[in-house]
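This report concerns only the one structure given below.
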Amino acid sequence: MSSKLINQVQQELSLMREEMQAGELYESLGLRVGELLDDLGDKDPATAVDQLDDYEVELIVETGTRLQRGLLSNKLQSVSDDDLAILVNGLGQIDPEVREDMSLNVLMQLIQNQLLTTEQLLTLNAHVFRPEVLYFHLLEQDNDGVFLRSFNLCLVSIMKLWEHPLPYTKRDYDRMVELLATYVALETDTRGFVDGKGNIRAFLHIGHVLDAFNFDEQLMRLDKIFLFTIMLERYKRLKTPLVMGEEQRIAAYLVNLMALDQLYVDYVLSTLKQMRQEVMVLGEPKNEGDWHRVHNQRRLMDALMLNEKTPTSITNYLKDLNFF
């Protein structure tokens, strides 16, 4: 895959979004996105991902430990920009004690305790929504670059669920939606946990962040449908298993989306019917990847059935349907 491919995918998705806003594209959006994904080639072999040196790691551990002590003693009143940058620098580390314990968990505590200024939150958001972060090693087969992508995405979901309303502009939303859509369209790493490296769970974090955007009243309804459609079309094409709770998280995201308006219920129902038609056309799985593809979809349907908040029209359809 060429690095130009990311730009091409982003441009194609941006065009679809513009057509939606103009009223020229809606019901066939899933088909258009699916055709785009089906035309992608195989990903490149994984390459090595550079890690921080010992001094930088020690700086993250020292900073995280110091801030945690301040939080526990209730003496921490603010956080410097330098300390914030040090913590964020650890989100791509392979070592889970650095990535999760010292970076993500401390950042989460700072956000939840509302110790970051509006300017710092805006800076964090701008940091994550950059090609250098969301597209990091994205065109390669399963690789360690996923930690940077996945855990920065997790940080966004935490920020959106806990932040004060931030003064995002229309241009900010356009950039966030287009970068996030492109990332979701191209992410294929379904690993949940790797011994010695800890959690990856990119699709769990995708569910987190899309759910967080559900509750953003400034995000247009068409953009919520746009992001949902891209997520589902990618999900339907995954040929490795999601088995560590991702399907329940994504089902919860869908249920929360449908709770916002009947429009979303009708749209999700139409996509389920389209999914059923595609399963019938594809027929019996012919290889391991196809079997994983089928069972990923089946687990998502089961998760929707088991969620007590799933709309009746959806559960009735799934009950009446011999899905596979």
* To do: Report the C-alpha separation of Leu306 and Gln248 in whole Å, then their side-chain angles, then the decisive distance to 0.1 Å, and conclude whether the side chain to side chain contact (heavy atoms under 4.5 Å, CB included) test is met.
  => CA-CA 9 Å; Leu306 292 172; Gln248 290 99 331; over 6 Å; no

Got a donor-acceptor contact below 3.5 angstrom from the [X] side chain to the [Y] backbone?
X	Y	value
Arg130	His127	yes
Ser150	Val146	no
Thr310	Thr315	no
Thr190	Pro241	yes
Asp44	Glu140	no
Lys239	Thr188	no
His208	Cys154	no
Arg293	Lys236	yes
Gln93	Gly90	no
Arg17	Asp223	no

Determine whether the side chains of [X] and [Y] contain a donor N or O and an acceptor N or O closer than 3.5 Å.
X	Y	result
Asn214	Asn256	no
Asp216	Tyr168	no
Glu247	Asn296	no
Asp172	Thr169	yes

Got a second to check how far [X]'s [atom1] is from [Y]'s [atom2], nearest 0.5 Å?
X	Y	atom1	atom2	result
Leu204	Leu242	CG	CG	10.0 Å
Phe193	Arg201	CZ	CZ	10.0 Å
Ser103	Asn152	OG	CG	10.0 Å
Met176	Asn125	CE	CG	5.5 Å
Leu254	Arg249	CG	CZ	10.0 Å
Leu107	Leu116	CG	CG	7.5 Å

* To do: Please assess Met159 against Val128 for the test side chain to side chain contact (heavy atoms under 4.5 Å, CB included), listing each intermediate value before the final yes or no.
  => CA-CA 11 Å; Met159 289 171 56; Val128 175; 5.6 Å; no

Taking [Y] as the starting point, is it possible to reach [X] by hopping between hydrophobic residues whose side chains are less than 4.5 Å apart?
X	Y	value
Val49	Leu52	no
Leu36	Leu179	yes
Ile94	Leu87	yes
Tyr135	Val9	yes
Leu5	Met16	yes

Provide the closest heavy-atom pair for [X] versus [Y] in the form atom of the first, atom of the second, distance.
X	Y	result
Gly207	Ile250	CA-CG1, 4.4 Å
His137	Gly145	CB-CA, 4.2 Å
Gln21	Leu222	CA-CD1, 4.1 Å
Pro131	Arg175	CD-NH2, 3.6 Å
Asp53	Glu56	OD1-N, 2.8 Å
Ile314	Met258	CG1-SD, 3.8 Å

* **Near-ring test Tyr267/Tyr26, centroid separation under 6.0 angstrom** =>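 That pair passes the under 6.0 Å test.
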
* Parallel, tilted or perpendicular, as decided by the 30° and 60° cut-offs, for the rings of Tyr253 and Phe228 ->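 Ring orientation, 0 to 90° scale: tilted.
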
I'd like to know whether [atom1] of [X] has more than 12 heavy-atom contacts from other residues, nucleotides or ligands below 6.0 angstrom.
X	atom1	value
Lys75	NZ	no
Arg69	CZ	no
Gln141	CD	yes
Gln109	CD	yes
Glu217	CD	no
Gln262	CD	yes
Glu24	CD	yes

* Is it the case that Arg99 places NZ or CZ above or below the six-membered ring of Phe151, under 6.0 angstrom from the centre and within 45 degrees of the axis? ->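 Here Arg99 passes the 6.0 Å and 45° test against Phe151.
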
* Is it the case that Lys224 places NZ or CZ above or below the six-membered ring of Phe213, under 6.0 angstrom from the centre and within 45 degrees of the axis? ->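 No, Lys224 does not lie over the aromatic ring of Phe213.
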
* Asked: salt bridge (Lys or Arg N to Asp or Glu O under 4.0 Å) with Lys197: which of Asp95, Asp144, Asp142?
  ->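 When Asp95, Asp144, Asp142 are each tested with Lys197, the salt bridge (Lys or Arg N to Asp or Glu O under 4.0 Å) holds only for Asp144.
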
Taking C-beta and beyond as the side chain, do [X] and [Y] meet within less than 4.5 Å on heavy atoms?
X	Y	answer
Asp101	Val61	no
Ile6	Thr182	yes
Arg191	Met244	no
His292	Glu288	yes
Leu13	Ile230	yes
Leu40	Leu37	yes
Val177	Leu219	yes
Tyr235	Glu246	no

* **Step-by-step side chain to side chain contact (heavy atoms under 4.5 Å, CB included) determination, Leu91 to Phe147** => CA-CA 7 Å; Leu91 291 175; Phe147 291 111; over 6 Å; no

* To do: Show your working on side chain to side chain contact (heavy atoms under 4.5 Å, CB included) between Leu238 and Arg234 and close with a plain yes or no.
  => CA-CA 7 Å; Leu238 294 172; Arg234 168 45 65 201; 3.8 Å; yes

